[in-house]
Amino acid sequence: MKILITGNMGYVGPGVVSKLREVYPDGELIGFDTGYFAHGLTNVPFLPETKLNKQIFGDVRNFDLNILNGVDAIVYLAAISNDPMGNRFEDVTMEINYKAAVTMAKLAKEKGVSSFVYASSCSVYGEADDNAKVESDKLNPLTAYARSKIATEIDLEPLADNNFTVTCLRFATACGFSNRLRLDLVINDFVAGAVTSKKIDILSDGTPWRPLINVLDMARAIDWAITRASNNGGKFLAVNTGSNKWNYQVKELAHVVAEVVDGCKVTVNQDAPPDKRSYRVNFNLYEKLAPNHQPIFDLKTTISDLYNNLIGMGFNDVKFRESHLMRLNVIKHLQEIKALDSNLFWNR
Ligand SMILES: NC(=O)c1ccc[n+]([C@@H]2O[C@H](COP(=O)([O-])OP(=O)(O)OC[C@H]3O[C@@H](n4cnc5c(N)ncnc54)[C@H](O)[C@@H]3O)[C@@H](O)[C@H]2O)c1
């Protein structure tokens, strides 16, 4: 098995590489990443990329198709990966998350790659009513990030055929520890606040619904998607990826963190305008199609593992929201020091 993983040097990537190495001890695993956050290692015993056969530094917008020689499966994680970055770099977000993904899928199909796995997002549901969203429900993307994910799904669908299986995993919001941790994710932010100041600051009124998934359970889903039989869910599949047990309201999440980390105070911003990004998601299809790859982590274990790792790395940055553990701050800094240009290409 030869697998190319784009965007492997981010938050989700290290867990994916580790999982795939466990499943394919003799497989050929190749990473492809431009390296925006490569230096942002957290509490690592060794470089996660040592589990790969090869790491290629490159930009998905300038992709050399020879890299696809002999590749069986592609996992496309490369992205401008959240709303704040997507709002600031709208065109770049469309180029990386959407256009480059579709171009790579077309090249892959020509080259005989048999499986293309795309990291989509439940944020495609945007502001939703009280019903938990199923895959066929109307989508309501509120941001450039969400729009980029839908546009990709739409253009990938007609490419899928008997020889080219396409799986779009609409992931819930990730949480949990990674060797390239991000703190711009709701649970991770709460735990970081709990560790540094015994305070959990809810930036909204706390009412929005958010489905969550442990970052390592994302890796299990990707493992499933790479070899899923195309007949069970169709040649093209867009599937909500997470668990029905993990639909939470933000304020509920804060209180669970406060239960795990003793002595924390939860503050709700009563004056905050309602956060429109609120959605509950139905994960029945994923449960039916991938019974052996269901999420196995529970919320409290995820929180305590994150807590222990933050303590383990001596984390004490009260101003962590201004730190390099927030993806947008890293990109802004790289631009300030003129390492990246306005389109987020490296200045060589
Ligand atoms: N983290 C979440 O909550 C979540 C939820 C749903 C979906 N996803 C999706 O999962 C994927 C991985 O997310 P993450 O949290 O690891 O994000 P991340 O920002 O930590 O990592 C993204 C990686 O993509 C790389 N990348 C960006 N632009 C590139 C380019 N032009 N060429 C090559 N590499 C490039 C970056 O260098 C980085 O290593 C993304 O597609 C994201 O949209 C994440």
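As the structure is a prediction and not an experimental result, all values here were calculated from the model. Ligands are counted one by one from 1 in listed order, and the atoms in each one are counted from 1 as well.
The closest approach between T173 and ligand 1 falls below 4.0 Å for a heavy atom of the residue. Contact annotation: S178 has no heavy atom less than 4.0 Å from any atom of ligand 1. Between S120 and ligand 1 there is a heavy-atom distance shorter than 4.0 Å.
Residue-to-ligand polar distances keep S121 apart from ligand 1: every N/O pair is separated by 3.5 Å or more. At least one N/O-N/O distance between L77 and ligand 1 falls below 3.5 Å. Between A78 and ligand 1, no N or O atom pair is found at a separation short of 3.5 Å.
In this structure, of S123, S81, G176, the residue bringing a heavy atom nearest to atom 18 (P) of ligand 1 is S81. Here atom 37 (O) of ligand 1 lies nearest to D33 when heavy atoms of V92, D33, V215, V12 are compared.
Other residues, nucleotides and ligands contribute only 12 or fewer heavy atoms inside 6.0 Å of the CG atom of D91.
The residues D161 and K109 are annotated as salt-bridged, a charged nitrogen and a carboxylate oxygen being separated by less than 4.0 angstrom. Salt bridge absent: K300 and D298 never bring a charged side-chain N and a carboxylate O closer than 4.0 Å. Electrostatic pairing of R220 and D217 counts as a salt bridge here, judged by a charged N lying under 4.0 Å from a carboxylate O. Salt-bridge check for R147 with E153: failed, with every basic side-chain N at 4.0 Å or more from each acidic carboxylate O.
If you chain together hydrophobic residues whose side chains sit under 4.5 Å apart, F190 and Y248 fall into the same group.
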